[in-house]
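Please read the structure below before turning to the comments.
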Amino acid sequence: MDCIFDLLSQENLIFESIVSDLGLETFSHLNPYPLGWVHCNASLQVTKQCKLKFAIYAQYIDEVLVDVVPLDIYGVILGNPYL
């Protein structure tokens, strides 16, 4: 699984194919939004979220809330959602 730390991103994203393969539980997004900035088809909507537990070596283990992106590629983008 690829993980991208994108300091310019304002969203934490995980791709739907990873969620499916890992069997992660999803729930409805409280504020769905269009995905026009990732795909030219603005009808794509982010409507789900999930919690993703990750580790950077054994010293740093955390859990983050990520938006599930309805695309079939592999990756996780962790950005600065507090901006």
Side-chain angles (χ1 to χ4, degrees):
M1 173 175 57
D2 295 328
C3 183
I4 302 168
F5 290 89
D6 182 358
L7 299 178
L8 299 177
S9 178
Q10 295 185 17
E11 303 294 335
N12 291 325
L13 305 173
I14 188 169
F15 297 101
E16 199 168 54
S17 49
I18 296 174
V19 172
S20 175
D21 287 352
L22 295 177
L24 298 175
E25 183 179 345
T26 63
F27 46 91
S28 296
H29 198 295
L30 294 178
N31 299 306
Y33 59 92
L35 198 60
W37 60 270
V38 171
H39 193 278
C40 62
N41 180 1
S43 66
L44 286 176
Q45 293 283 317
V46 175
T47 59
K48 297 185 279 186
Q49 292 181 311
C50 72
K51 290 184 180 178
L52 176 68
K53 188 172 186 176
F54 67 97
I56 301 174
Y57 299 108
Q59 293 81 14
Y60 185 79
I61 300 172
D62 202 357
E63 186 174 74
V64 65
L65 182 64
V66 291
D67 294 345
V68 178
V69 180
L71 296 173
D72 291 329
I73 56 178
Y74 280 81
V76 176
I77 300 174
L78 299 175
N80 290 323
Y82 54 85
L83 291 178

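For clarity, every value in this text was computed on a predicted model and none was experimentally measured. Hydrogens, waters and symmetry mates are skipped; everything else that's a heavy atom, side chains included, is used.
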- Just do the side chain to side chain contact (heavy atoms under 4.5 Å, CB included) check on His29 and Asp67 with the steps written out, would you? CA-CA 8 Å; His29 198 295; Asp67 294 345; 3.1 Å; yes
- Message: Could you see if Val66 belongs to whatever hydrophobic cluster contains Ile61? Use Ile, Leu, Val, Met, Phe, Trp, Tyr and a side-chain cutoff under 4.5 Å.
- Response: no
- Task: Answer yes or no: does atom CD of Glu25 have more than 12 heavy-atom neighbours from other residues, nucleotides or ligands under 6.0 Å?
- Result: no
- Query: So Ile14 and Leu24, side chain to side chain contact (heavy atoms under 4.5 Å, CB included) or not? Walk me through it.
  - Reply: CA-CA 11 Å; Ile14 188 169; Leu24 298 175; 4.0 Å; yes
- Query: So how far is it from Leu52 CG to Leu22 CG, rounded to the nearest 0.5 Å?
  - Reply: 8.0 Å
- Message: Between Asp62 and Tyr60, does the side chain to side chain donor-acceptor pair (under 3.5 Å) criterion hold? Intermediate values first, please.
- Response: CA-CA 7 Å; Asp62 202 357; Tyr60 185 79; 3.0 Å; yes
- Message: I need the Cys50 SG to Leu65 CG distance, nearest 0.5 Å.
- Response: 8.0 Å
- Task: Flag the pair Lys48 and Glu16 as a salt bridge only when some basic side-chain nitrogen lies within less than 4.0 angstrom of an acidic carboxylate oxygen.
- Result: yes
- Task: Answer yes if Val68 and Phe27 sit in the same cluster of Ile, Leu, Val, Met, Phe, Trp and Tyr residues linked by side chain heavy atoms under 4.5 Å apart, and no otherwise.
- Result: no
- Which value, rounded to the nearest 0.5 Å, describes the distance between Thr47 atom OG1 and Asn31 atom CG? 12.5 Å
